[in-house]
Amino acid sequence: MKASVNYNIVLIGMMGTGKSSVAAALSRMTGLPSFDTDAVFRSRYGSISAWFADKGETAFREKETEIVREASAVCPAIISTGGGVVLRGENMRELRRLGKVALLTASPETIYARTCKNNERPLLKNNSVSDIIRIFEERKALYLMYADITVDTDNDPPERCAEKILELLKSDRTFR
């Protein structure tokens, strides 16, 4: 039986916390479509890493903001975002307007294990635990400020993380 959800669930968090995998699990559980901002970017513009190298982070963030605006056309949906989406307030104002925001977290070691063989992570130049910690510390306050709920993905498969999100949202009486 599908979980009844009639609002957007937005996933934010560091790269490697499982946003895309958890979004797919939530989509299966709810029957809602999945909208992955990084996947949309790649389908239109190619490699995120190559875009960063060629055009820079600012140009990437501008395209990311355009894609976030497009997410409002897919309602209700499961929206999975890139790790840096929180860096622009306009992105998060739009995403919070669209639905409930779930922050996915994982330890730096888990993130490293999940991302160490992926060259498509332009901000992990050295792909080290220290890079992950540095990036997280730069974004931590934003992640916490924008999140309605937080789910740790270290020890659970995507399906269990999705169940936790649905349980937390169901019990949250403050949902707007």
Side-chain angles (χ1 to χ4, degrees), residues 8-27 34-42 47-53 56-65 67-68 71 77-96 98-166 168-169:
N8 292 308
I9 300 173
V10 179
L11 304 180
I12 65 171
M14 284 286 292
M15 59 197 95
T17 56
K19 296 180 301 288
S20 296
S21 299
V22 173
L26 280 166
S27 182
S34 182
F35 186 94
D36 185 318
T37 62
D38 281 351
V40 171
F41 182 93
R42 283 189 299 273
S47 163
I48 293 171
S49 189
W51 184 277
F52 260 69
E57 183 174 0
T58 300
F60 170 78
R61 298 291 172 211
E62 289 169 6
K63 294 298 183 190
E64 182 178 56
T65 297
I67 293 167
V68 164
I78 309 302
I79 302 169
S80 176
T81 65
V85 75
V86 297
L87 298 174
R88 285 195 166 185
E90 64 189 293
N91 290 341
M92 293 313 300
R93 284 188 294 278
E94 179 66 10
L95 292 168
R96 286 187 57 80
L98 292 176
K100 213 56 166 160
V101 178
L103 169 61
L104 301 187
T105 63
S107 72
E109 294 77 17
T110 297
I111 292 171
Y112 176 77
R114 292 175 181 170
T115 63
C116 68
K117 293 186 172 103
N118 185 335
N119 294 331
E120 278 298 305
R121 310 287 183 168
L123 294 178
L124 288 181
K125 294 175 182 83
N126 302 321
N127 201 12
S128 67
V129 172
S130 62
D131 279 347
I132 293 164
I133 292 169
R134 177 187 49 78
I135 293 167
F136 178 71
E137 288 303 319
E138 291 169 359
R139 298 174 180 176
K140 181 179 181 178
L142 295 171
Y143 286 138
L144 295 173
M145 177 173 72
Y146 292 121
D148 295 304
I149 62 170
T150 302
V151 172
D152 185 297
T153 66
D154 265 327
N155 299 311
D156 290 320
E159 293 74 19
R160 180 63 192 129
C161 295
E163 289 169 356
K164 286 180 181 180
I165 289 168
L166 292 173
L168 287 167
L169 292 178

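These numbers come from the heavy atoms of this one structure, side chains and all, not from hydrogens, waters or symmetry mates.
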Would you give the length of the straight line joining atom [atom1] of [X] to atom [atom2] of [Y], rounded to the nearest 0.5 angstrom?
X: Ser130; Y: Ile135; atom1: OG; atom2: CD1; result: 9.5 Å
X: Thr110; Y: Asn155; atom1: OG1; atom2: CG; result: 7.0 Å
X: Lys19; Y: Leu104; atom1: NZ; atom2: CG; result: 7.0 Å

Contact summary for [X] and [Y], nearest pair of heavy atoms:
X: Ile111; Y: Ala106; answer: CD1-O, 3.7 Å
X: Ile79; Y: Ala71; answer: CD1-CB, 3.9 Å
X: Met14; Y: Ile132; answer: CE-O, 3.6 Å

Stepwise side-chain contact (heavy atoms from CB on, under 4.5 Å) test for Leu87 and Glu64: CA-CA 11 Å; Leu87 298 174; Glu64 182 178 56; over 6 Å; no
What do the steps show when you test Val85 against Met92 for side-chain contact (heavy atoms from CB on, under 4.5 Å), and what is the final call? CA-CA 7 Å; Val85 75; Met92 293 313 300; 4.1 Å; yes
Short side-chain to backbone donor-acceptor contact, [X] and [Y], under 3.5 Å:
X: Asp148; Y: Lys100; answer: no
X: Asn8; Y: Ala77; answer: yes
X: Arg96; Y: Tyr146; answer: yes
X: Thr153; Y: Thr17; answer: yes
X: Thr65; Y: Arg61; answer: yes

Holding to salt bridge (charged side-chain N to carboxylate O under 4.0 Å, His left out), I want the full list of residues that pass it with [X], two or more places apart in sequence or in another chain.
X: Glu109; result: none
X: Asp152; result: none
X: Arg93; result: none

Anything under 30° is parallel, anything over 60° is perpendicular, the rest tilted; go ahead and classify Phe41 against Phe60.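 Perpendicular.
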When you compare the side chain of Asp156 with that of Glu163, does any pair of heavy atoms fall below 4.5 Å?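 The answer is no, as the side chains (C-beta and beyond) never meet within the 4.5 Å cut-off.
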Apply side-chain contact (heavy atoms from CB on, under 4.5 Å) to the pair Lys164 and Arg160, showing each step before the final yes or no. CA-CA 6 Å; Lys164 286 180 181 180; Arg160 180 63 192 129; 3.7 Å; yes
Output yes when Arg134 and Glu137 qualify as a salt bridge under the 4.0 Å nitrogen-oxygen rule, no when they do not. no
Pick out which of Leu103, Thr105, Val101 makes a side chain to side chain contact (heavy atoms under 4.5 Å, CB included) with Tyr143.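 It is Leu103, the one option of Leu103, Thr105, Val101 that forms the side chain to side chain contact (heavy atoms under 4.5 Å, CB included) with Tyr143.
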Which is it for Arg88 and Glu62 under the side-chain contact (heavy atoms from CB on, under 4.5 Å) test, yes or no, and what are the steps along the way? CA-CA 9 Å; Arg88 285 195 166 185; Glu62 289 169 6; 3.4 Å; yes
